[in-house]
Amino acid sequence: MKKHQFVVIGLGRFGSALALELMALNYEVLGIDRNEEIVSDMVESLTYAVVADASDEEVLKSLGVRNFDCGIVAIGDDIQMSILATIQLKELGVSKVVAKAISVLHGRVLERIGVDRVIYPERDMGIRVAHQLVSPNLLDYIELSKDYTIAEMSVPSCLDGKTLSEINTRSRYGCSIVALHRTGGVIVAPTAMDQVHTNDIMVVIGSNESIDQFKNEVINEN
């Protein structure tokens, strides 16, 4: 099976972290940046790393960018360059294009261009940290959309030893426990008879309202 290939344009803090994680996950990554020093630092860590102007269509063609499965525009300090690079990836026919936005307006422009996903790293991290601060049992919090969330929660002592049938989150709160992390592995799609214990981590999915209700009535009350 062909290994997926990613091109990351912009190797600042966000772009380089993303590129290195993709490499750690055993994917091929082409990193592009205009800064020679940054590229020099990354050249031995990525499959390929080149100094190039990503707004230049001919340059991107010469790098074979159109053959990559996904293009990520991680430029954050130059909105014009971010937009131009995104346009080039779309026009070259890259099948999936993801772009970082530094403002709502920037994100709207990227959406109009037709990117498949707009990422707001600072905003999203701020939301996650805020939820973690006000709910100590909440380990991670990711918005799937403006209405739905997936959250990781440590099991409070009041639920220790209870089965998912007894907790009955779907009927009581409208959310579902879709996985359990515990010592020894992960249980995906646990059954109604699986028990939870205080060292477990529950992966819960549901509407924002249902997650908040479960958090407030069960998790935070413990």
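Side-chain N or O atoms of K96 include none that pairs as donor or acceptor with a backbone N or O of D116 at under 3.5 Å. Judged purely by atom type and a 3.5 angstrom limit, S210 has no side-chain atom pairing as donor or acceptor with the backbone of G206. Side-chain atoms of S62 come within 3.5 Å of backbone N or O of V59 as a donor-acceptor pair. No side-chain donor-acceptor contact under 3.5 Å links E217 to the backbone of F214. Side chain of Q195 to backbone of G161: a donor-acceptor contact under 3.5 angstrom is found. T47 places a side-chain N or O within donor-acceptor distance of the main-chain N or O of V29, the cut-off being under 3.5 Å. Distance alone, capped at 3.5 Å, is enough to place a donor-acceptor pair between the Q88 side chain and the S55 backbone.
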Apply the test side chain to side chain contact (heavy atoms under 4.5 Å, CB included) to residues I75 and I9: give CA-CA distance (whole Å), side-chain angles for both, the deciding distance (0.1 Å), then the verdict. CA-CA 7 Å; I75 300 169; I9 297 174; 3.8 Å; yes

Between M202 and E152, is the side chain to side chain contact (heavy atoms under 4.5 Å, CB included) condition met? List the steps. CA-CA 6 Å; M202 302 178 290; E152 289 188 347; over 6 Å; no

Going through the distances and angles, do L30 and L46 end up as a side chain to side chain contact (heavy atoms under 4.5 Å, CB included)? CA-CA 7 Å; L30 164 63; L46 305 181; over 6 Å; no

Please test I102 against Y120 for side chain to side chain contact (heavy atoms under 4.5 Å, CB included), starting from the C-alpha separation and ending with a verdict. CA-CA 6 Å; I102 60 173; Y120 299 87; over 6 Å; no

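For the atom pair M23 CE and S45 OG, the distance stands at 8.0 Å (nearest 0.5 Å). Distance CG/D147 to OG/S207: 8.0 Å, rounded to 0.5 Å. Going from atom CZ of R117 over to atom NZ of K100 covers 14.0 Å, rounded to the nearest 0.5 Å. Annotation: the span from I167 atom CD1 to Y173 atom OH amounts to 9.5 Å, rounded to 0.5 Å. Here L11 contributes atom CG and I38 contributes atom CD1; the two are 7.0 Å apart, rounded to the nearest 0.5 Å. Atom-to-atom distance recorded for I87:CD1 and E91:CD is 6.5 Å, nearest 0.5 angstrom.
Contact of the L92 side chain with the E57 side chain is registered, since non-hydrogen atoms from C-beta on lie closer than 4.5 Å. Side-chain contact between L18 and V8 is present, with heavy atoms from C-beta onward closer than 4.5 Å. I205 has its side chain out of reach of C175: every pair of non-hydrogen atoms, C-beta onward, lies at least 4.5 Å apart. When side chains are defined from C-beta on, H197 does not count as touching V155, because their heavy atoms never get closer than 4.5 Å. The shortest distance between side-chain heavy atoms of V203 and V186 does not fall below 4.5 Å. Within the 4.5 Å cutoff, the side chain of I201 has no heavy atoms near those of the L180 side chain. When side chains are defined from C-beta on, V178 does not count as touching V204, because their heavy atoms never get closer than 4.5 Å.
Residues A74 and G15 share a closest heavy-atom pair of CB-CA, 3.6 Å. Summarising the geometry of A192 relative to T163, their closest heavy-atom pair is O-CB, 3.4 Å, with the distance given to 0.1 Å. Closest approach of S176 to T169, counting heavy atoms only: CA-OG1, 3.9 Å. Of all heavy-atom pairs spanning V73 and S82, the tightest one is CG1-O, 3.7 Å. Scanning all heavy atoms of the two residues, the minimum distance from V97 to V94 falls at CG2-O, 4.0 Å. Here the closest heavy-atom approach between residue I211 and residue M153 is recorded as CG2-CE, 3.9 Å.
Placement of M42 and L25 within a single hydrophobic cluster is found when ILVMFWY residues are connected by side-chain heavy-atom separations under 4.5 Å, directly or transitively. Following chains of ILVMFWY side-chain contacts shorter than 4.5 Å, one cannot reach I119 starting from L84, and the two form parts of different hydrophobic clusters.
Heavy-atom contacts from other residues, nucleotides or ligands closer than 6.0 Å to CZ of F14 number more than 12. In E209, the CD atom is not crowded: 12 or fewer heavy atoms of neighbouring residues, nucleotides or ligands sit closer than 6.0 Å.
Under the 3.5 Å distance criterion, with hydrogens and angles disregarded, a donor-acceptor pair is assigned to the side chains of D194 and T191. Between the side chains of N208 and T149, at least one donor-acceptor pair of N or O atoms lies under 3.5 Å.
Residue pairs meeting the salt bridge (charged side-chain N to carboxylate O under 4.0 Å, His left out) criterion with at least one partner in residues 30-54, sequence neighbours excluded, are R34-D78.
Under a 4.0 Å N-O distance rule, the pair R182/D200 qualifies as a salt bridge.
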